[in-house]
Each structure stands twice: as C-alpha cells, then as structure tokens.
Number of protein chains: 2
Amino acid sequence: MRIMPSSTSDRSRRRVGRPRARPAQNELPPDQAILDAARKLFRSRGFAATSTRQIAEAAGLRQPSLFHHFSSKTAILQAIVDLAVAPELAFIDSESRRGLEPDVALYRYARFVYTNLATNPNVIGSPLQFPETDAGDFKAFWRAYERIYSTLKSHIAAGVAAGLFDPVDVDVAAEQTFALLEAPLGRPQRSARRATPAARQAAVLVLKGLLKEPRRLPGIQAAADAD
Amino acid sequence: MRIMPSSTSDRSRRRVGRPRARPAQNELPPDQAILDAARKLFRSRGFAATSTRQIAEAAGLRQPSLFHHFSSKTAILQAIVDLAVAPELAFIDSESRRGLEPDVALYRYARFVYTNLATNPNVIGSPLQFPETDAGDFKAFWRAYERIYSTLKSHIAAGVAAGLFDPVDVDVAAEQTFALLEAPLGRPQRSARRATPAARQAAVLVLKGLLKEPRRLPGIQAAADAD
DNA sequence: CTCTATTTCTATCAGCTGATAGAAAATAGT
DNA sequence: ACTATTTTCTATCAGCTGATAGAAATAGAG
C-alpha cells in the first residue's frame, strides 16, 4: 500500500493545491473529512453498499480526489478499523501490568469494551460481519481483534479455574459475553453520558451471570473503581 | 411484487421446461436451490457483495434464470428473512397462551431464540446490520422483528415489576440480552447437537444476571422443562 | 401429432463501480 | 519572477451489476 500524505493539524490557513469545485464548509483536513464521511456511511449502509462517490460527496470533494489521500476504497476501511481497535489494545496493555483478580479484571474489561463500542465513532460494526476484511491488508487488525477476544477468554478461564465463576464452558461463555458487549453495534452511536451507566449494567450482568457468589459483586465493583 | 411459481415437491421426475446448460447435481426444486445458494453467500459475503451471477452459479443455473423464480435480487433476500423469523413468531404465539411467570418465560424465550439463531439456516445475520432491508417490501419482516424484540422487553419489565429481577433499566437490559442471544450470528451455523447446551448456558447467564435471588434458578429451569 | 405451458437458455443493455491519466490551480521556496 | 510541490479537478475507462427480450427445448394434454 502506497504511502499517503499525513494530515497536518495546521488549520484555518488557506491550503496548498487547487481549490475545490465546491469549497469545503468543513475545516477538517481532507483525510479526516474523508474518514468522517466514510465512517457514517459504512455504519449505516455497510461497506459494499457504499460507493466512493457517496463518500466523496459527503466529504466535499470529487470522487477521484479520494485516491490522492487513500490508495483504494479498502484502504479507507482499513484506516477506520485500525482506529476502532486501538483504544482496546491500549487498555489491555495497561491492564496487563496491574495483576488484577479475574473477577475484577473481567468487570473492568466489560465496562471498557462496551463503552468503546458505544462511543468510538470508528466502530462501524462487528468485524465478523464485515467479510471484506478477509484480505491480507487486514492481518494486523485481525491480530488485534484476536488479542482482544482471547483476553476475555482468559479472564473467564482464570475465574473458572480459581473457583470464582460457575464451571461453564469457557469458549461458549466468551462467545456470549463478547456478543453482549457488542450490543451497541447496529444501534446509533451513543454519547459518553448515556453509555456509562449502560456499560456498568452490562458489566454487572456479565459478572452476576458468571459468579458463584453474586453477593461478592459490590466488593468487585469497589475494587474495579479503586485506582 | 409479482407472483412467482411455487415449488412443487414432486421430485425425481424429469422436469418440464428447457434443460439446463449444465444439468443439476442437486435434486432440489430450483427455487429451493436458489434460496440455499443465496443463504450461504449472503451469510459469508453479505447481501450487497453477493452478485446474482454468484447465486446462479452456486444454484446450478444461469443468471437470468433466477428471475423466473424471483422477481429481483431483493425478493430472494425477502424470502430468506421471512423464513428466518417464522419459527420465533410461532414460538411467541404458542407461549403467549401459557401464562408463565416472567422468569420462566424469559428462560424459555432465551433458550429458544438462541437455538433458532444457531441452527436455522435462514438466519443470515443481524437485521440491524442489513441496511438493504429498509425498503417497503420488508415491512412485514420488521413488524415480526419488532414483535420478537418487544416480547423480550415485556418479559424483563414484568420480572422487574414483580420484584423477581434487579431494578435494571429495562431498555438497556433488553438490548444487551438480545445481543447476547445473537451470539451465534457471524459464527458458522451450528448443529442442533452443539447448540442445545450453549442455548441453556445462554439462558442461565441471562437469568442469573437478572435474578434478585439466583438460587431460584434450578426451580425456574425445572418449571421451564416441565411440559 | 399438434398445441400449450413451463423452464431455461443466449444475447444484450444502461447504469454504476473503483480506479487511472493528465491538466489545472493554488501555495512555498528561491 | 520562476520553479517545484501539492491538491484537486475533468475526462475517461474496463468491468461488473441487476434486469429485460425473446428464442429454444422440454413435458403434458387432447
């Protein structure tokens, strides 16, 4: 994939290059405007059903101009999905250095992932239902996704092994828990304001569903909030 | 939408009409073969990314011949999604005449819906992520979907009102529970053999997560199985 | 054997798709 | 003032899309 110019955060100055046919009402750098437009369209119509002309119009330029910023339509999708998983990867990295108990770790994980899926504009749907991410360009994304998913599985497995959770089938429980956390997908993006209590409720549902002794939940919540 | 010939269940007899260019190795009636092929392609590649030529090839005939059985590509999708929700509608109808307690009703609902989504080949993905179902032809489908969803919501609301469940936000709980039950989507279709214990585990997770007194679960399961 | 109905075929179409080529129009550096 | 660089434009393309028109090839009824 070719190297593309990076967005300069320089704003309000008249930009280099030929002016647009219809001047931008949006002061975002062009590549950001394109990602912004593409996100919304991919989310509402899907990738395959969105044309580059639709993206260009929403971004305020002509269709061939897209290809000055992204080498292909697929490259736009790739940029978006990479941004979608980035916060979760960072979270997992920072959590791994904490050494939390499985129940507390799972509570924090559930709350964070749900919130990211509800509020991160780059989240455009379940990757499992984006078949166009098969291509080789998405290997890094899939590695990230796999890491996020296996982190959930290991939290559940650790909780079961420690006797904190019911002796469930770990693979099935991870699948179902992850699906629950993906509830915000398909729904319109939420404000952080509304997402927070819903994320807490999701984490509670998951923990209560798995815990051998649900009375321990308040203690887990306290430990999760303590920092 | 035009009226299309219905599938005769007459088999093994040589069929009326011009023979195929490449004779069928599949003894299904043509419309069933088309639906069969389309289901698999829609599930793996999505609707927009699947061409009528791909469907035709998989079904064993030429692309224009599809339109003798279905008036449009969209009509194929419509037939599939209608078949996807039919079992759930029938279940809801039969359950409504039972007058079960909210907790038992929710357990049975969760188990059934999960199983249908895991085993019904007509389930090709979350309708929320099939933007092409916006069109007017899908009104009946969306009415059905709405009914299925609101049934879940009323089970949860009734349980909360009766003091059986925690005082959760009903809308949020319904959203999250429904997402959990949609876990089988995106994953390859499961055999009934494997789906049954997973469905039970999903129902347990939901009930334990909501119940004020999780110890009541075995009693609920017994009542749900009694018939 | 002829007529009709049915099913599938071949041939074809207009419209849209993602992408390329190369000119045009601006700024920045000297 | 000139040149280089950047960004966007217009013009265009080959390929695929869903769909239509009309001929061809079968079975069945009389």
Side-chain angles (χ1 to χ4, degrees), chain A residues 1-8 10-24 26 28-34 38 41-42 45-57 59-78 132 135 137, chain B residues 1-8 10-24 26 28-34 38 41-42 45-57 59-78 132 135 137:
Chain A
M1 208 151 277
R2 271 187 277 144
I3 294 164
M4 294 283 126
S6 62
S7 81
T8 61
D10 175 22
R11 56 179 142 191
S12 83
R13 285 285 315 270
R14 192 127 169 52
R15 266 191 273 269
V16 184
R18 178 170 176 171
R20 299 206 174 158
R22 290 182 308 168
N26 190 340
L28 285 174
D31 54 347
Q32 291 301 318
I34 291 167
L41 288 163
F42 290 168
R45 278 174 254 273
F47 176 75
T50 299
S51 74
T52 53
R53 268 161 253 264
Q54 289 176 290
I55 298 171
E57 191 183 22
L61 32 69
R62 297 286 152 92
Q63 181 253 354
S65 303
L66 293 182
F67 297 95
H68 186 260
H69 301 276
F70 297 91
S71 64
S72 67
K73 185 189 176 190
T74 304
I76 300 178
L77 177 62
Q78 202 188 344
E132 26 276 322
D137 291 332
Chain B
M1 207 151 276
R2 271 186 279 145
I3 294 164
M4 293 283 128
S6 60
S7 81
T8 59
D10 174 21
R11 57 180 143 190
S12 82
R13 285 287 313 269
R14 191 124 170 55
R15 268 191 273 270
V16 183
R18 178 171 174 169
R20 299 206 174 157
R22 290 182 311 168
N26 190 341
L28 286 174
D31 55 346
Q32 291 302 318
I34 291 167
L41 288 163
F42 291 167
R45 277 175 254 274
F47 176 76
T50 299
S51 74
T52 53
R53 269 161 253 263
Q54 289 175 290
I55 298 171
E57 190 183 24
L61 32 68
R62 297 288 153 91
Q63 182 254 354
S65 302
L66 293 182
F67 298 95
H68 186 259
H69 300 277
F70 297 91
S71 63
S72 67
K73 186 190 175 190
T74 304
I76 300 177
L77 177 61
Q78 202 187 347
E132 25 277 321
D137 292 334

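Every chain is numbered from 1, with letters handed out A, B, ... down the list of sequences.
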A:Arg45 has an atom CZ; how far is it from atom C1' of C:dT17, in whole Å?
16 Å

Measure the distance from CZ on A:Phe70 to P on C:dT20 and round it to the nearest whole Å.
16 Å

Counting only side-chain N and O atoms of A:Arg20, is one of them less than 4.0 Å from OP1 or OP2 of D:dT8?
yes

Quick one: does A:Gln32's side chain have a donor or acceptor within less than 3.5 Å of a partner on A:Pro29's backbone?
no

Heavy-atom nearest nucleotide on DNA chain C for A:Ala48 versus A:Pro19: which residue maps closer to 5'?
A:Ala48

Contact class for B:Pro64 vs. all strands (heavy atom < 4.0 Å): base, sugar-phosphate, or nothing?
base

Tell me whether B:Gln78 contacts the main-chain N or O of B:Asp137 through its side chain, where contact means a donor paired with an acceptor under 3.5 Å.
yes

Could you state the CZ-P distance from B:Arg18 to C:dT10, rounded to the nearest angstrom?
6 Å

Distance in angstrom units between A:His68 NE2 and C:dA25 P, rounded
17 Å

Under 4.0 Å from OP1 or OP2 of C:dT17: is there any side-chain N or O of A:Ser51 that close?
yes

Grab the CD-C1' distance between A:Gln54 and C:dA19 for me, whole Å please.
17 Å

Could you state the NZ-P distance from B:Lys73 to D:dG18, rounded to the nearest angstrom?
4 Å

Rounding to the nearest 10°, end axes of the helix from C:dC1-D:dG30 to C:dT30-D:dA1 built from five pairs each make an angle of 10°

Could you please name the option among D:dC9, C:dT8, D:dG18 that lies closest to any side-chain atom of A:Leu61?
D:dC9

Surrounding CD of A:Glu57 (heavy atoms of other residues, nucleotides or ligands, distance under 6.0 Å), is the total greater than 12?
no

By nearest-nucleotide position on DNA chain D, the 5'-leaning member of B:Gln63 and A:Arg22 is A:Arg22

Shortest side-chain distance from A:Arg53, nucleotide among D:dT7, C:dT17, C:dT8:
C:dT17

List in chain and number order the residues that pass side-chain hydrogen bond (donor to acceptor under 3.5 Å, both in side chains) with B:Thr52, two or more places apart in sequence or in another chain; answer none if no residue qualifies.
B:Gln63

Taken to the nearest whole Å, NE2/B:His69 to P/C:dT7 is 7 Å

At under 4.0 Å between heavy atoms, what does A:Ser65 touch on the DNA or RNA strands: base, sugar-phosphate, or nothing?
base

Minimum-distance nucleotide to B:Val16 side chain [options: C:dA26, C:dG18, C:dT6]:
C:dT6

Expressed as a whole number of angstroms, how long is the span from A:Leu41:CG to C:dG18:P?
12 Å

Does the side chain of B:Arg62 get closer than 4.0 angstrom to OP1 or OP2 of C:dT10 through an N or O atom?
yes

